[in-house]
Amino acid sequence: MSYDFKTVEKKWQDIWDKTGCFAAQNDSDKEKYYALVEFPYPSGQGLHVGHPRSYTALDIIARKKRLCGYNVLYPMGWDAFGLTTENFAIKNHIHPETVTKNNIQNFKRQLKSLGFSFDWSREINTTDPQYYKWTQWIFLQLYKKGLAYKKEMAVNWCTSCKCVLANEEVVGGVCERCGSEVVRKVKSQWMLKITDYADRLLSDLDGLDFIDRVKTQQTNWIGKSEGAQVTFKTTAGDELLIYTTRPDTLFGATYMVIAPEHPLIDKWELENKDEVIAYREAAARKSDFERTEVAKDKTGVELKGVKAINPVNNTEIPIFVSDYVLISYGTGAIMAVPAHDTRDYEFAEKYNLPKIEVVAGGDIEKEAFTDCATGVMVNSGFLTGMTVEEAKKAIIDYLVKEGIGERKTNYKLRDWVFSRQRYWGEPIPMVYCEKCGWAPLPERELPLKLPYTDNFEPTDTGESPLSKLTDWVNTTCPHCGAPAKRETDTMPQWAGSSWYFLRYCDPHNDKQLASQEALKYWLPVDWYNGGMEHTTLHLLYSRFWHKVLYDCGVVPTPEPYQKRTSHGMILGENGEKMSKSRGNVVNPDDIVDEFGADTMRLYEMFIGDFEKAAPWQSSSIKGCKRFLDRVEGLMYILKDGESYSAQLEKSFNKTVKKVGEDIENLKMNTAIAALMALINEIYQVGGINKAELKTYLLLLNPFAPHLTEELWERAGFGGYLHESSFPTFDPDKCGDDTVEIVVQLCGKIKARAKVSAEASKDELLQIAKNLISDDLAGKTVIKEIVVPGKLVNIVAK
RNA sequence: GCGGGCGUGGCGGAAUGGCAGACGCGCUAGUCUUAGGAACUAGUGGCAACACCGUGCAGGUUCAAAUCCUGUCGCCCGCACCA
């Protein structure tokens with residue numbers, strides 16, 4: 001018995017399209033619910049089976065919330081700028097605009113075939129000038145607030161994409177996108193000062209309902225550390241500033257290390273200048289990857305002719321240059337305490353430098369003693385005898401009093417490199433004038449449209465392809481009117497996605513990025529689901545932009561998303577990541593064609609724990625199809641009935657409770673299992689009445705919307721199912737009258753008994769004792785444990 | 001190295017201190033069928049066993065442990081010389 005899913009699904013998708021029934025209302029009195037999934041990058045490969053996992057889960061949430069009376073916004077759009085499209089365009093000699101248009105068309109067809117209840121009237125596209133007008137506008141606000149600045153700096157350069165990458169886009173020393181080598185290159189780049197927001201991005205996590213691993217990852221990425229900044233005098237007469245989280249170990253500092261890029265190297269008269277410069281150049285030639293590759297073996301050169309003076313004991317100590325110290329963190333210089341830092345220890349061993357134990361408790365002949373919790377200070381002047389924590393406080397007080405140091409907080413987070421030397425991105429609305437310097441484009445000139453060209457390939461020189469379009473580049477200065485040149489770099493892919501959820505609130509507004517009323521009504525996003533891979537990229541960037549917009553008074557909430565969850569990856573049948581090269585890719589179109597959208601949706605939810613990775617199993621899909629066939633089969637055993645039958649009343653109440661709760665907790669797999677168990681019971685009983693079918697269809701509807709609407713209509717329930725309401729349950733009718741309890745003797749199961757659910761502890765105990773009286777004979781009862789509804793355990797000797 | 005997570009039947013997975021294996025796949029038998037890689041019914045952790053054994057391994061706490069604690073092995077993810 002198999003129903004005609006193709007006809008049924010087409011019919012309902014057409015009805016939903018025609019009636020626009022899933023469009024959210026901006027002027028509603030109803031309570032709002034904003035459910036959001038990450039909008040896709042419309043690649044040429046089409047939809048991946050990973051996409052529907054997220055989309056189906058939140059579609060279930062959205063559909064359930066609508067049935068519960070909410071005004072639901074569940075939108076969809078296209079994150080369409082970016083390198084993948086551009087690289088495809090170059091390879092196939094098609095303009096990226098055409099590629100994007102085709103890919104979107106295909107994605108949209110695929111999404112529609114799965115029956116998602118997206119509000120298509122709010123569809124957005126980041127490459128639409130009416131959209132990126134506001135991306136550019138936000139950039140101008142960042143610039144006005146001093147949060148966008150241009151800086152000559154060493155950046156990550158992908159040798160294949162011929163383009164700068166953000167720190168977050170470099171994974172394991174290679175390009176996140178193409179896997180090619182990333183080298184350091186000095187370029188002038190637009191930077192966004194996300195570091196100004198580091199503390200707020202960290203502390204505001206507290207009030208948010210994000211899953212722990214997202215919070216942990218963002219916290220680690222921001223990398224807050226507290227310590228002290230200390231000034232060391234040098235024999236050259238000037239000062240060396242260092243950062244340390246262990247100021248308590250200052251008496252143990254036996255040498256200093258500065259990063260190869262440290263500016264003092266150029267300033268100082270060094271006896272071995274050639275050697276030092278050679279070391280620096282060797283370090284510069286290394287890519288980040290090589291530099292971390294050799295992390296095990298530390299190298300360095302002593303700076304001859306200059307020494308640092310330890311301010312607490314006036315000892316002269318040598319200064320080294322080494323690439324294990326990073327110019328980009330802290331002050332680019334450290335005091336080395338080999339006795340209490342493993343890296344310094346390793347370096348000191350190699351270069352035969354002295355170690356002074358200042359915290360007792362370890363054996364510094366063997367290894368560095370880094371424990372802060374147990375040690376006591378020794379060899380440390382006025383700190384001797386204190387605990388590490390006491391010493392930290394005392395030394396900072398001392399440094400402040402002497403004017404040679406202060407308390408200091410540092411972050412691992414770096415500013416966001418915002419320029420890309422590529423064509424397919426938003427033009428940065430800035431103009432460079434010889435006289436005035438960088439000038440922002442007036443807001444009325446937005447959008448600054450991306451000029452159309454067929455010559456969009458990246459250049460070997462590292463210049464943006466836009467620089468070849470001299471007609472476009474040459475302009476006049478917005479300040480003085482003199483001839484000037486446009487910025488030719490474009491924005492990174494992360495720009496358009498950093499605020500897209502705002503545009504959904506009011507997508508056709510041509511005066512503002514969205515109206516205040518709309519933003520006030522819809523924000524924050526109530527539930528946002530997306531991939532873990534975006535935790536330190538998109539998710540962090542968009543929180544940053546949102547906070548800036550909040551400070552500008554553009555958005556009414558300090559945080560964009562109230563709740564964040566993340567789905568596990570769907571792996572190939574062989575348990576490996578799905579990829580073309582592994583040949584284990586499943587195309588959603590094939591599944592929809594063979595089994596239908598409802599089965600596909602159900603299977604994606606039934607595959608396992610939503611948060612965990614799960615391998616695709618073609619053989620299991622038919623289980624979901626069989627289940628839906630059995631649901632359709634209910635029509636043939638349907639009886640009249642205004643209320644639940646006595647036989648099924650408890651089961652229905654229990655299942656309503658469970659399915660409702662499971663949906664809210666994203667436990668779609670067990671919700672489906674409960675519906676399967678219930679239908680098994682219905683077939684056991686041999687029939688279902690109309691009241692029961694109604695409830696059953698409503699519970700299943702968020703998962704399998706097409707079939708349930710169809711059966712609703714066939715059963716003659718009137719109107720559309722999606723206009724009805726989610727069933728409620730009677731808490732008193734969720735428990736069974738009789739329950740089976742287990743009788744244990746010393747924790748071993750000896751008997752089982754069906755008892756009344758209402759039975760008291762004493763009654764249960766008596767029943768249990770009777771049941772195992774033979775075993776108890778001649779023994780002394782030591783302890784009796786009774787857990788009503790579960791078990792009785794008697795401990796006897 | 002640091003941080004996060006995981007380890008349960010032939011397979012995907014349930015169970016978060018209280019009956020291990022819900023639900024599904026697969027498998028076995030049966031029914032119907034010209035046929036079955038369809039559907040339906042029953043069974044299905046191991047074992048000859050109602051005893052006993054069983055949640056990576058070794059200990060521990062508890063009347064009771066897949067679940068909590070300690071150690072250990074293996075796998076996955078993130079960060080990676082952040083001073």
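Letters go in sequence order (proteins before strands), and every chain restarts at 1. Values reported hereafter were calculated over all heavy atoms of this structure, with side chains retained and with hydrogens, waters and symmetry mates removed.
Backbone-only contact: A:Ile607 has heavy atoms under 4.0 Å from sugar-phosphate atoms and none from a base. When heavy atoms are screened at a 4.0 angstrom cut-off, A:Lys790 is found touching the sugar-phosphate backbone but no base atom. The residue A:Glu533 sits apart from the nucleic acid: no heavy atom pair falls under 4.0 Å. A:Lys408 comes within contact range of no nucleotide atom at all, as no heavy-atom separation falls under 4.0 Å.
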When Watson-Crick pairs (N1 to N3 and N6-O4 or O6-N4) and G-U wobble pairs (N1-O2 and O6-N3) count only below 3.5 Å on both distances, what is the dot-bracket string of RNA chain B, with | for other-strand pairs?
-> (((((((..(((.....[....)))((((((.......))))))((.....))..(((((..]....))))))))))))....
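We find that CZ of A:Arg213 is positioned 10 Å from P of B:C6, with the value rounded to whole Å. A:Met532 has its CE atom 12 Å from the C1' atom of B:G3, to the nearest Å. What separates OH of A:Tyr329 from C1' of B:C81 is a distance of 12 Å, to the nearest Å. In this entry the distance linking CG of A:Leu745 with P of B:C52 reads 11 Å, nearest Å. Going from atom CG of A:Asp609 over to atom P of B:U67 covers 18 Å, rounded to whole Å. Here B:C25 presents its P atom at 12 Å from CZ of A:Phe595, a figure rounded to the nearest Å. As rounded to whole Å, 14 Å separates atom C1' of B:C79 from atom CG of A:Leu540.
Phosphate proximity of B:U62 to A:Asn793: absent, as no side-chain N or O sits under 4.0 Å from OP1 or OP2. The phosphate of B:A42 has OP1 or OP2 within less than 4.0 Å of a side-chain N or O from A:Gln684. Neither OP1 nor OP2 of B:C2 sits under 4.0 Å from any side-chain N or O of A:Asn220. Between B:G78 and A:Thr536, no contact under 4.0 Å exists linking OP1 or OP2 to a side-chain N or O. In this structure, A:Lys612 does not reach the B:G4 phosphate: none of its side-chain N or O atoms is under 4.0 Å from OP1 or OP2. For the OP1/OP2 pair of B:C53 and a distance below 4.0 Å, the side-chain nitrogens and oxygens of A:Lys748 include at least one atom meeting the criterion. Between A:Arg626 and B:C25 there is a side-chain polar atom (N or O) within less than 4.0 angstrom of OP1 or OP2.
Distance from the side chain of A:Ala673 is smallest for B:A22 among the nucleotides B:A22, B:A80, B:A15. With B:G24, B:C25, B:C63 as the candidates, the nucleotide lying closest to the side chain of A:Val795 is B:C63. The side chain of A:Lys622 sits closest to B:C25 out of B:C25, B:A83, B:A15. Side-chain proximity of A:Pro615 to B:C63, B:G13, B:A83: nearest is B:G13.
Residues that satisfy the side-chain hydrogen bond (donor to acceptor under 3.5 Å, both in side chains) test with A:Gln229, not counting sequence neighbours, are absent from this structure. Taking A:Tyr345 as the reference, nothing meets the ring pair (Phe, Tyr, Trp, His ring centres under 6.0 Å) condition, with sequence neighbours excluded.
When atom types are taken as modelled, the side chain of A:Asp344 and the backbone of A:Ala339 share no donor-acceptor pair closer than 3.5 angstrom. The closest donor-acceptor contact from the side chain of A:Lys355 to the backbone of A:Ala368 lies at 3.5 Å or more, if one exists at all.
With rounding to the nearest 0.5 Å, the separation of CE in A:Met377 from CD in A:Glu357 is 10.0 Å.
Residue side chain A:Lys298 reaches the base of B:C81 through a donor-acceptor N/O pair under 3.5 Å, judged by distance alone.
Looking only at side-chain heavy atoms (C-beta outward), A:Ser620 and A:Phe606 stay at 4.5 Å or farther from each other.
More than 90° away from 0 lies the glycosidic angle of B:G74, which makes this nucleotide anti.
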